[in-house]
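Worksheet: one structure, shown below.
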Amino acid sequence: MQKLLLSLGLVLTMSLSAQVDPKIYDIIDAVSEDRIRHDVKTLADFGTRHTLSDTISETRGIGAARRWIKSEFDNISKECNNCLEVFFQSNLIEKGTNQRIVKDVNVVNVVAIQRGTKFPNRFIIMSGDIDSRVSNPTDFTSDSPGANDNASGMAGAIEAARVLSKYTFESSVVYLGLSGEEQGLFGGQGMAKYAQDNNWEIIGVLNNDMIGNIKGVDGVIDNRTFRIFSEPITTAENDPEQLARQARARRFYGGEVDGISRQLARYVHKTTQTYMPEMNPMMVYRLDRFGRGGHHRPFNDVGFAGIRIMEAHENYTQQHQDIRTENGINYGDTFEHVNFGYAKKLTAVNAITMANLASAPPAPTNVGIGGIVEPSAKLQWNKSDGAKGYKIYWRDTTSPTWDHSRYVGDVSEFTLEGIVIDNFFFGVAAVGEDGHESMVVFPSRIVR
Ligand SMILES: [Zn+2]
């Protein structure tokens, strides 16, 4: 009897704290290394996918590549009772917009939407890029396989669609192929505008750009570590008065490293550690690599949460290079350099993050915090539709991760007895069925 009580107690404790959803392990197992390899090969074999390359040929150039990507999404959709809405999203960029646009070009993205059952207008997005380049960014005819940069991310998005389309989710999941990345992030700009124009409520964008290289240019080989880049706070508010007000608030109440993209990065980090403990997620506290760009930025620019997921060790002899051999080094972004076991792992990281977020209720809103000159911190929030309860998170001010939490049930206010507001940062998440959690929301107001 005592044993039974003990195990019952264990189950109860687990259901309130570290609940895991077995479906998430099935999703990890379903991601196929072989299919990713096959898709990277197919993409690399289009010769070049340069944004300005041929669009007429059926076998070479970005036109053939995007039509193939669309047909893959269409095929996946047929397998799931037409569960995907697949379309081209196109943006005309005029010659001379920048130095890399040497002729008028339609920058065409491929979009596949798996519509949510309960929140069809909330979107979690995984993106890869269609386009590739060689040494000269305006050379749109030379062979440019772009196997790692970024057929790997594109193949990952297609594979995630294959796996997740077997399930239904409360929120919508979007699989996105973006173009024009190498010419100036034009596809992302166009898609971010499309999302704004259609009033999309974006939970977050997981931009995958180079997820297949495990051997760094310095010789380090590592198939476990990957990087999650995120900007610290959103800088999208362009009203200078509002910016000044927010800067003032951060000075007194904190939040310098707690913007929405950073919370998304923490969510990926935590989800990986929970379900894929063999991987080493590495949060990098910056928008992107030093001085370099990626397709999450245009989404950040208009106020959406977005991060970059990528390999930990880059090889610069295999990025943006003409294919050649020089001093015994094989330059070029070719198929044989990609590690598909690793690309599979990073694809799974995306898939389980999206499955969790698309299964979770919306995050609480209007989160407030109080407890100035008091021995306890008090949190308040507006409840969200479909949440069965809420979890308060807190962490040391020097910690990158939400290390402490308490499930507080279906309430809209809670006091953490004996936890002093001065010594921690706090946030609140909504918890749904099977323990799926929203992203953590950092307080935006003070409770007096
Ligand atoms: Zn690139």
Side-chain angles (χ1 to χ4, degrees), residues 39-40 43-44 46-53 61-62 65-66 69 93 98-102 105 107-110 126-157 176-191 205-217 226-229 284 286-300 306-324 330-335 337-339 342-343 346:
D39 290 353
V40 169
L43 287 163
F46 286 110
T48 175
R49 303 185 310 280
H50 193 285
T51 298
L52 303 174
S53 64
I62 195 163
R66 69 191 175 220
I69 292 164
I93 307 297
N98 69 23
Q99 287 179 343
R100 293 183 180 188
I101 303 291
V102 295
V105 61
V107 169
V108 181
N109 303 316
V110 186
M126 175 179 183
S127 70
D129 301 304
I130 305 172
D131 63 308
S132 64
R133 61 164 282 194
V134 287
S135 302
N136 173 355
T138 60
D139 175 357
F140 54 84
T141 53
S142 293
D143 274 349
S144 177
N148 192 44
D149 182 13
N150 185 11
S152 65
M154 187 66 247
L176 198 53
L178 297 172
S179 298
E181 199 267 347
E182 306 291 5
Q183 307 314 107
L185 309 178
F186 290 107
Q189 277 169 28
M191 197 59 214
V205 177
L206 310 177
N207 172 41
N208 287 256
D209 196 345
M210 294 190 268
I211 60 168
N213 187 65
I214 65 165
K215 186 172 180 185
V217 74
F226 68 94
R227 292 181 288 179
I228 311 164
F229 289 92
V284 184
R286 52 167 41 124
L287 169 66
D288 206 319
R289 287 88 33 88
F290 194 94
R292 303 180 70 194
H295 250 154
H296 52 307
R297 172 150 54 97
F299 292 92
N300 293 162
I307 58 170
R308 178 186 188 127
I309 292 176
M310 82 175 295
E311 63 211 23
H313 302 281
E314 290 180 66
N315 190 328
Y316 311 113
T317 65
Q318 295 160 18
Q319 290 173 20
H320 306 175
Q321 295 286 350
D322 292 337
I323 300 173
R324 67 193 191 279
N330 292 323
Y331 286 86
D333 187 358
T334 52
F335 175 76
H337 295 308
V338 180
N339 185 286
Y342 182 68
L346 298 205

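Remember, it's 1-based here, ligands and their atoms both numbered in the order they're listed.
Among the atoms of Asp209, no N, O or S atom falls under 2.8 Å of the Zn ion (ligand 1). Note on Asp129: not counted as a metal contact of the Zn ion (ligand 1), no N/O/S atom lying under 2.8 Å.
At a cut-off of 3.5 Å, with distance as the only test, no side-chain donor of Asp131 or Ser179 sits close to an acceptor on the other residue. In the model, His295 has a side-chain atom that pairs as donor or acceptor with a side-chain atom of Asp129 under 3.5 Å. Side chains of Gln319 and Asn213: no donor on one and acceptor on the other come within 3.5 Å. In this model, a donor atom of one side chain and an acceptor atom of the other lie less than 3.5 Å apart for His320 and Asp149.
Residue-level check: among N/O/S atoms of Asp149, OD2 sits closest to the Zn ion (ligand 1). Distances from the Zn ion (ligand 1) to each N, O or S atom of Glu182 single out OE2 as the nearest.
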